[in-house]
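For reference, the structure is listed below as structure tokens.
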Amino acid sequence: MKNVFERALASALMELLSSCDSAPEWSVAEMLALLEHPPDAALGDYAFPCFQLARFFRKAPPAIAAELAEQWGNSDVSAHGVEQVQATGPYLNFTISPGVLADAILPAIAKGHSFDAPQVAARERVMIEFSQPNTHKGFHVGHLRNVALGDALCRIFRYNGYEVVGANYIGDVGTHIAKCLWYYESFNQDPPPEQQRGAWLGELYTKATLLLEDAPVEQRKTYQQEVREILKKLEGGDPKLDATWQETRQWSLDDFAEIYEWLGVHFDCVFFESEVDDEGKEIVLQGEQDGVFQLSEGAIGIDLEEELGFFLLLKSDGTTLYSTKDLALAKHKFDQFGIDRSIYVVGAEQTLHFKQVFATLRRMGYEQAELCHHLPYALVMLPEGKMSSRAGNVILFSQLRQKIMDSLRTQHFQARKGEWPDEEIEETCRKVAVAALKYGMLAQDPAKQIVFSMEDWLKTEGDTGTYLVYAYVRICSIVRQLGIEPSADADCSLLCHPNEKALSRRLLDFNRAVWSAGEQFKPSLLAHALYGLARDFSRAYTTCSVKHAKTEALQHARLLLFHGVAETLKQGLHLLGITPPERL
RNA sequence: GGGACUGUAGCUCAACUGGAUAGAGCAGGUGACUUCUAAUCACCAGGUUGUGGGUUCAAUUCCCGCCAGUCCCGCCA
């Protein structure tokens with residue numbers, strides 16, 4: 001994705017070089033690949049490094065750069081918007097006229113056709129599976145990272161022209177549920193609470209695992225046998241237990257629905273493990289008969305050899321595993337949704353598991369296995385180590401949300417009480433809290449661990465979601481108070497302050513940032529681009545007043561610029577799943 | 001034992017995928033609110049990019065060895 005200036009520069013450079021005797025044939029693509037940004041805006045907007053020319057010209061790079069600069073001046077070669085060409089050391093630096101730069105992007109934003117999706121060659125249909133919470137367990141801050149990541153990728157891929165199916169896959173069967181229900185039926189004395197019953201089930205699950213772990217050896221064996229029986233009953237469809245399962249499962253689903261709504265996340269389809277359980281078992285049994293899978297120590301699996309090893313697909317007691325269900329789920333995805341690509345947003349600890357799943361699908365004859373992609377992300381850790389629902393040392397999403405909301409109310413919205421309607425205060429707090437939470441989760445490279453510390457999440461200064469939202473709101477305020485509609489006809493050539501120019505450049509680069517964020521599966525790239533935009537705006541805010549602009553023409557030009565910044569911030573935040581308020 | 005990921009300022013993170021003087025935010029120091037909102041801005045200070053080699057005109061970036069952290073390696077998810 002190259003912009004008009006880069007394309008113009010590339011062909012101009014090619015023209016310039018082809019007039020030199022000793023130079024080989026160059027392509028525009030090669031020129032484009034070489035172009036980069038100087039580290040300091042004062043040096044120019046684009047830079048052409050001359051190192052690779054040295055071997056052809058048999059001269060030192062700085063000498064080549066100087067010569068090229070001179071030649072450029074003497075020839076009639078020119079490129080769109082270039083107002084200065086200068087050699088600095090081994091680089092040939094180009095400065096684009098700030099007015100031309102602004103004119104290349106601001107009117108387009110004002111007219112509303114700057115955020116059109118780039119055309120993907122073959123409009124691929126992509127399924128992105130994310131969130132995957134387990135019922136009967138608490139929804140903690142680790143789950144939040146997954147949701148933020150998956151939802152942002154869905155939005156970014158859609159913006160980039162893909163057809164996206166956002167999918168959830170809820171774990172509503174398995175050992176953990178047997179444990180929870182075992183405790184619920186045999187030990188629990190308390191009535192379920194009115195609210196957040198799913199989280200309460202999570203507590204029961206924790207109590208169950210602790211009871212199991214702390215029991216004396218003989219007692220533990222008995223307990224484990226009881227849990228196994230419950231699991232078998234669950235899979236066998238025991239009517240009484242099934243009713244309990246249905247009821248408690250719904251409590252968790254209600255919790256999840258409330259959380260997703262609060263976060264503004266929605267799914268195009270929802271799979272349940274309970275739906276693919278039986279089918280998975282059939283697939284494995286059939287595969288064993290067909291000789292694709294093998295019986296081993298009473299269980300069924302597949303020998304994937306070498307680095308993937310033996311992959312277990314069905315337990316010896318006939319109950320299913322994660323792997324069992326993953327086979328059936330993959331089949332569903334491809335057979336029923338006609339997708340071209342299947343992305344799994346799942347923790348990095350399951351990297352081997354998914355390599356094994358995809359390899360197994362391949363062995364089964366599924367060519368689509370090649371199109372499956374596991375997107376691993378690192379865990380949210382506590383300072384003392386890994387969070388574990390089993391051990392109960394988790395920070396629940398609801399706890400974090402409560403703390404942030406309370407902190408915002410007391411620190412920033414006390415003064416609005418009475419001035420604003422209560423509902424607006426609450427809704428604005430929610431929007432800021434969502435911004436803080438999602439930005440916090442997305443601004444970091446997915447491959448890196450997040451060590452959770454509550455005080456970090458309550459910050460509203462610096463590199464935070466709040467900062468971005470604040471920048472947006474200030475522009476809204478400017479436009480509101482000025483009472484003038486931003487016009488695409490404003491004179492962009494007046495926007496020549498370095499701070500104004502920096503903004504134009506940011507806006508011009510926006511679509512590319514979104515594109516990279518999608519192709520590299522890193523919303524963090526977009527998050528950083530937006531933070532840079534907000535920071536450059538805050539600088540321009542203090543140096544380039546709209547209200548106090550020297551002339552009316554300049555005022556209109558700045559209004560157009562800031563309006564473009566606001567629109568871009570809003571669009572970018574939207575792609576991260578954040579909706580900024582209009583005032584704070 | 002084998003494998004994956006990570007290691008950059010006191011702390012949390014960037015670095016346009018191999019380029020110029022490695023940048024931000026917190027925390028610390030100094031300034032700026034009768035001004036389009038100070039949830040902000042300007043400035044100072046802070047570095048042998050874990051470590052040792054190698055490839056290259058050029059390495060935080062690519063390759064190899066070692067160290068440290070996290071995680072995975074058949075009846076958990």
Side-chain angles (χ1 to χ4, degrees), chain A residues 34 36-40 43 47 49 51-52 54-55 60-61 88-91 93 132 134 137 171 174-176 273 296-303 307-317 319 321-323 325 346-353 355-356 376-379 381 385-386 389-390 408 411-412 432 440 443-445 447-451 453 455-456 459-464 466-471 473-475 477-482 509 512-513 516 520 524-525 527-529 531-532 535 537-549 555 558-559 562 583-584:
Chain A
L34 282 171
E36 55 187 79
H37 287 302
D40 183 356
L43 288 167
F51 305 102
Q52 300 197 19
R55 41 195 277 248
T88 308
Y91 293 89
N93 290 329
Q132 308 112 331
N134 285 320
K137 276 192 187 179
T175 317
H176 74 280
E273 283 189 24
S296 169
E297 296 170 37
I300 298 176
I302 181 170
D303 186 6
E307 71 266 37
L308 295 184
F310 190 82
F311 188 39
L312 202 64
L313 296 167
L314 195 67
K315 289 194 261 185
S316 51
D317 66 357
T319 57
L321 288 157
Y322 227 41
S323 54
K325 291 165 266 196
V346 181
E349 69 277 8
Q350 292 191 43
T351 300
L352 176 63
H353 169 81
K355 278 186 183 169
Q356 291 171 324
Y377 66 92
L379 295 178
M381 305 282 284
K386 193 179 170 181
S389 298
R390 291 166 25 144
L408 287 172
Q411 283 188 40
H412 295 287
V432 175
Q444 189 160 170
D445 189 304
K448 291 192 178 179
Q449 281 178 4
I450 293 178
V451 179
S453 141
E455 58 177 324
D456 288 346
K459 277 180 186 155
T460 56
E461 296 170 350
D463 190 0
T464 63
T466 315
Y467 179 90
L468 300 189
V469 157
Y470 183 72
V473 164
R474 284 208 297 192
I475 302 177
S477 176
I478 291 172
V479 176
R480 234 185 348 254
Q481 289 180 41
L482 215 58
D509 290 340
R512 175 161 34 199
S516 311
Q520 294 179 47
S524 58
L525 297 178
H528 288 125
Y531 175 65
R535 212 182 50 226
F537 161 73
S538 296
R539 283 178 183 155
Y541 179 82
T542 59
T543 54
C544 307
S545 173
V546 179
K547 191 176 177 181
H548 303 108
Q555 184 171 69
R558 283 180 175 168
L559 184 64
F562 285 180
R583 62 171 183 170
L584 282 172

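We name chains A, B, ... by the order of the sequence lines, and we start the count at 1 in each one.
- Whole-Å rounding puts the A:Gln411 CD to B:rA39 P distance at 11 Å.
- B:rC44 and B:rG23 have their P atoms separated by 13 Å, with the value rounded to a whole Å.
- Here the separation of B:rU56 from B:rG28, taken at their P atoms, is 48 Å to the nearest Å.
- Distance noted for atom P between B:rA42 and B:rG3: 49 Å (whole Å).
- In this structure, A:Gln356 places its CD atom 9 Å from C1' of B:rG74, rounding to the nearest Å.
- Across all strands, A:Asp303 comes closer than 4.0 Å to no nucleic acid atom at all (heavy-atom distances).
- Using a 4.0 Å heavy-atom criterion, one finds that A:Gln52 contacts the bases of the nucleic acid, with or without backbone contacts as well.
- Looking only at distances, no side-chain donor or acceptor of A:Ser296 sits under 3.5 Å from a matching main-chain atom of A:Ala299.
- Set against B:rC71, B:rA77, B:rC75, the side chain of A:Leu312 has B:rC75 as its closest nucleotide.
- Remark: the A:Asp445 side chain and the B:rA15 base include no donor-acceptor N/O pair separated by less than 3.5 Å.
- One C1' atom belongs to B:rA14, the other to B:rG52, and the distance between them is 27 Å to the nearest Å.
- OP1 and OP2 of B:rA24 both lie 4.0 Å or more from every side-chain N or O belonging to A:Arg535.
- With respect to the salt-bridge test (charged N to carboxylate O, under 4.0 angstrom), the residues A:Asp445 and A:Lys448 do not qualify.
- Shown here, B:rA9 forms no base pair; nothing in the strands shown gives a Watson-Crick or G-U wobble contact with both key distances under 3.5 Å.
- Among the nucleotides B:rC75, B:rA39, B:rC41, the one closest to the side chain of A:Leu584 is B:rA39.
- Nucleic acid contact for A:Ala348: none, since no nucleic acid atom lies under 4.0 Å from a heavy atom of the residue.
- Comparing B:rA20, B:rU6, B:rA24 against the side chain of A:Thr88 picks out B:rA20 as the nearest.
- For A:Arg480, the CZ atom counts as densely surrounded, since its 6.0 Å shell holds more than 12 non-hydrogen atoms of other residues, nucleotides or ligands.
- B:rA27 atom C1' lies 8 Å from atom NZ of A:Lys459, rounded to whole Å.
- Counting non-hydrogen atoms under 4.0 angstrom, A:Thr464 reaches nothing in the nucleic acid.
- Look at B:rU40: its Watson-Crick or wobble partner, with both distances under 3.5 angstrom, is B:rA32.
- Regarding A:Gln132, its CD atom lies at a distance of 21 Å from the P atom of B:rC76, rounded to whole Å.
- Between A:Phe562 and A:Phe537, the ring-plane angle classifies as perpendicular under the 30° and 60° cut-offs.
- Although no hydrogens or angles enter the test, the distance criterion places no donor-acceptor pair under 3.5 Å between the side chain of A:Thr319 and the main chain of A:Lys315.
- Checking B:rU37, B:rA24, B:rC41 against the side-chain heavy atoms of A:Tyr531 singles out B:rA24 as nearest.
- Between A:His37 and B:rC16 there is no side-chain polar atom (N or O) within less than 4.0 angstrom of OP1 or OP2.
- Proximity of A:Tyr467 to the phosphate of B:rC41: a side-chain N or O atom is located under 4.0 Å from OP1 or OP2.
- In this structure, A:Pro38 reaches the bases: a heavy-atom distance under 4.0 Å links it to at least one base atom across the strands shown.
- B:rA58 is unpaired under the Watson-Crick or G-U wobble criterion, no partner having all donor-acceptor distances under 3.5 Å.
- Judged by distance alone, the side chain of A:Gln356 and the main-chain N or O of A:Leu308 form a donor-acceptor pair under 3.5 Å.
- Taking every side-chain heavy atom of A:Val546 into account, B:rC36 is the closest of B:rA14, B:rC76, B:rC36.
- Both distances falling under 3.5 Å, in either a Watson-Crick or a G-U wobble arrangement, occur for no nucleotide opposite B:rA27.
- In this structure, of B:rA38, B:rC36, B:rA39, it is B:rA38 that holds the atom nearest to the side chain of A:Arg474.
- When distances run from any side-chain atom of A:Tyr322 to the nucleotides B:rA77, B:rA42, B:rC13, the shortest one goes to B:rA77.
- Across all their heavy atoms, A:Leu468 and A:Tyr531 have their closest contact at CD2-CA, 3.5 Å.
- To the nearest whole angstrom, the two C1' atoms, one in B:rA68 and one in B:rC76, are 28 Å apart.
- Across every strand in view, B:rC66 sits in a pair with B:rG50 that passes the Watson-Crick or G-U test at under 3.5 angstrom.
- Between B:rC13 and B:rU6, the distance separating the two P atoms is 13 Å to the nearest Å.
- Heavy-atom nearest nucleotides on RNA chain B were determined for A:Thr319 and for A:Glu349, and the one closer to the 5' end corresponds to A:Glu349.
- Residue A:Ser316 places a side-chain atom within donor-acceptor reach of the base of B:rC75, judged by atom type and a 3.5 Å distance cut-off alone.
- Comparing B:rA39, B:rU37, B:rC72 against the side chain of A:Gln481 picks out B:rU37 as the nearest.
- Within 4.0 Å (heavy atoms only), A:Ala60 reaches no atom of the nucleic acid at all.
- Separation of the C1' atoms belonging to B:rG18 and B:rC33 is 47 Å when rounded to the nearest angstrom.
- Of the candidate nucleotides B:rU70, B:rC41, B:rC73, B:rC41 has the atom lying nearest to any side-chain atom of A:Arg539.
- Pairing partner, B:rU21: none, since no Watson-Crick or wobble contact has both distances short of 3.5 Å.
- The shortest distance between the side-chain N/O atoms of A:Lys315 and the OP1/OP2 oxygens of B:rC75 is not below 4.0 Å.
- A:Ser477 places no side-chain N or O within donor-acceptor distance of the main-chain N or O of A:Val473, the cut-off being under 3.5 Å.
- Across all strands shown, A:Thr351 has no heavy atoms under 4.0 Å from either base or sugar-phosphate atoms.
- Contact annotation for A:Pro49: no contact, since no heavy-atom pair falls under 4.0 Å across all strands.
- Across B:rG65 and B:rG2, the matching P atoms stand 11 Å from one another, rounded to whole Å.
- Comparing B:rA39, B:rU70, B:rU6 by their closest approach to the side chain of A:Gln449 singles out B:rU70.
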